[in-house]
Protein chains: 2
Amino acid sequence: MTLSLRERRRQETARHIQRATLELAMQSGLENVTTEEIAVASGVSARTFFNYFANKEAAAIGHPPNFSEEDKDVLRNGTASLAADLKLLLDKQIASMAEDEELLRMVGRVLRSNEKARGILEGFLMAERREIADCLSHRAINHHTAAALAKTVTDTIGGAIYLWEHDGNMSLGTALDTVWEGLIDASRTLSLPAD
Amino acid sequence: MTLSLRERRRQETARHIQRATLELAMQSGLENVTTEEIAVASGVSARTFFNYFANKEAAAIGHPPNFSEEDKDVLRNGTASLAADLKLLLDKQIASMAEDEELLRMVGRVLRSNEKARGILEGFLMAERREIADCLSHRAINHHTAAALAKTVTDTIGGAIYLWEHDGNMSLGTALDTVWEGLIDASRTLSLPAD
DNA sequence: GCAATATTTGCAGACTATGCAAGGATTGAG
DNA sequence: CTCAATCCTTGCATAGTCTGCAAATATTGC
């Protein structure tokens, strides 16, 4: 886990560029900011900007951290109910996001107004869902059930952030609990009466 | 519901451009097709192309049809179980998509390789989910439950198409049933043991 | 057939993104 | 410390995206 000087600098520059991108986007909207302006604000050349991110939308979103092996082990070999283990994962993810609420708010604002950014995020989420579904494959009835559960994870995080952004002074954790309850209610609705 | 000559021509040109875009994309990949080429293949000027679609990704996806009032009424005032009414809506949507499987296959292929296209589709889906959640607001326990149910609708359609695309000779309808079962199983998992 | 209204088109111009090659910085070995 | 290998940054050239504008063309309703 020790990074070379080069790697540390690279990460730092990437974060730096993301900040600059988001701050400019908050002022004028990402559409109205040029890559040139972002590069200047980040202290790198326009060409170097594209060595770090494929485009300004990707710069605004940044490089999201991967799931830890620890988290995935809980999903694979957890002893509690599946629902409880999933909720645990959600709590952890939301807690880590709550560490920088301002960043989250800025990213959220970009995502709401920018189609390309939404597409890039979808790409990240697809990869995450694949990972989660993989971890669940032993515990779920079959592949499709695992996929449906994985989707609920990313959806619930998205829903919680959305609620937190729109409902004035609800904490991220409370928003998660609220959306989670809605999900459980929806699951009851779907599973109880039909067939 | 009668359209003027102008409106009919406009729709026809739009479909024409979508076809041309998709056919070129199948040959070389959408990334390697220029808007100029699409315009020539569609028989319009490069400038006119942009009067119809904001970009080539939007042209590939096309203008998806809205839900009919009839469909929405079933959601609002259906007498069967909510799960059954939702399944009905899904069956109808999938049946209408099955009318042009080649188009669906081409659009799917673009979506799998193009981030921007995924973002545009997400935009359409968000709007659909809002509509569905709105219809469900009276029948669901609360707003969050309705939102979770609406999300399952678009997710299930997406999942069914994905399955149909990848599993050799499964029909769209069978794919939908399979994904739907996975969803029901997932719902049972989430609703039964926890709390 | 004519005036009002919409659509198409070409053109100019700002912005995005990539390949390439030169120049600079970092690294590890001696 | 020094040198060679390696990696990173940068400027430049270039292909492509997309918008505003104004002239030309087509459609509509009267």
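Below, read A as the first sequence line, B as the second, and so on, with proteins coming before strands; counting in each chain starts at 1.
- Remark: P of C:dT16 and CD of B:Glu115 are 17 Å apart, rounded to the nearest angstrom.
- Judged purely by distance below 3.5 Å, without hydrogens or angles, the side chains of B:Asp155 and B:Thr152 never pair a donor atom with an acceptor atom.
- Counted by atom type alone, B:Asn142 and B:Thr145 present one or more donor-acceptor pairs between their side chains at under 3.5 Å.
- Taking atom CG on B:Asn51 and atom C1' on C:dA6, their separation rounds to 11 Å, with Å as the unit.
- Across the protein-nucleic acid pair, B:Phe53 atom CZ and C:dT7 atom C1' stand 16 Å apart, rounded to whole Å.
- In this structure, A:Thr35 reaches the C:dT16 phosphate: one of its side-chain N or O atoms is under 4.0 Å from OP1 or OP2.
- One atom, CD1 of B:Ile38, and another, C1' of D:dT17, lie 11 Å apart when rounded to the nearest Å.
- Put simply, B:Leu125 and B:Val107 are part of the same group of oily side chains (I, L, V, M, F, W, Y) that touch within less than 4.5 Å, one to the next.
- B:Asp134 has no carboxylate O lying under 4.0 Å from a charged side-chain N of B:Arg76, or vice versa, which leaves the two without a salt bridge.
- Distance B:Glu36 CD to D:dT14 P: 20 Å, rounded to the nearest Å.
- Checking the phosphate oxygens (OP1, OP2) of D:dA26, no side-chain nitrogen or oxygen of B:Arg9 falls inside 4.0 Å.
- To the nearest angstrom, C1' of C:dC15 lies 11 Å from CD of A:Glu37.
- Residues B:Glu31 and B:Lys56 are not paired through a salt bridge, judged by the lack of any N-O separation under 4.0 Å between the basic side chain and the carboxylate.
- A donor-acceptor contact shorter than 3.5 Å links the side chain of A:Ser81 to the backbone of A:Ala84.
- Taking hydrophobic clusters as Ile, Leu, Val, Met, Phe, Trp and Tyr residues chained together by side-chain heavy-atom distances below 4.5 Å, B:Met126 does not share a cluster with B:Leu111.
- As rounded to whole Å, 17 Å separates atom C1' of C:dT7 from atom CZ of B:Arg8.
- When heavy atoms are screened at a 4.0 angstrom cut-off, B:Tyr52 is found touching the sugar-phosphate backbone but no base atom.
- B:Asn32 has its CG atom 16 Å from the P atom of C:dA17, to the nearest Å.
- Remark on the helix from C:dG1-D:dC30 to C:dG30-D:dC1: inter-end axis angle 30°, axes from five-pair C1' superpositions, rounded to 10°.
- In this structure, of D:dC21, D:dT17, C:dT16, it is D:dC21 that holds the atom nearest to the side chain of B:Arg47.
- Residue B:Phe49 is out of contact with every strand shown, counting any heavy-atom pair closer than 4.0 Å.
- Nearest to the side-chain atoms of A:Phe50 among the listed nucleotides C:dA17, C:dT7, C:dT9 stands C:dA17.
- Between B:Lys116 and D:dC18 there is a side-chain N or O to OP1 or OP2 distance below 4.0 Å.
- With C:dA6, D:dT17, C:dT9 as the choices, the nucleotide that has an atom nearest any side-chain atom of B:Arg6 turns out to be C:dA6.
- Side-chain contact between A:Thr189 and B:Arg139 is absent, with no heavy atoms from C-beta onward closer than 4.5 Å.
- Nucleic acid contact for A:Asn55: sugar-phosphate only, since backbone atoms but no base atoms lie under 4.0 Å from a heavy atom of the residue.
- Residue-level contact check: B:Thr48 touches the bases, meaning some heavy atom is under 4.0 Å from a base atom.
- The nucleotide whose nearest atom lies closest to any side-chain atom of B:Arg10 is, among C:dT7, C:dA17, D:dG16, C:dT7.
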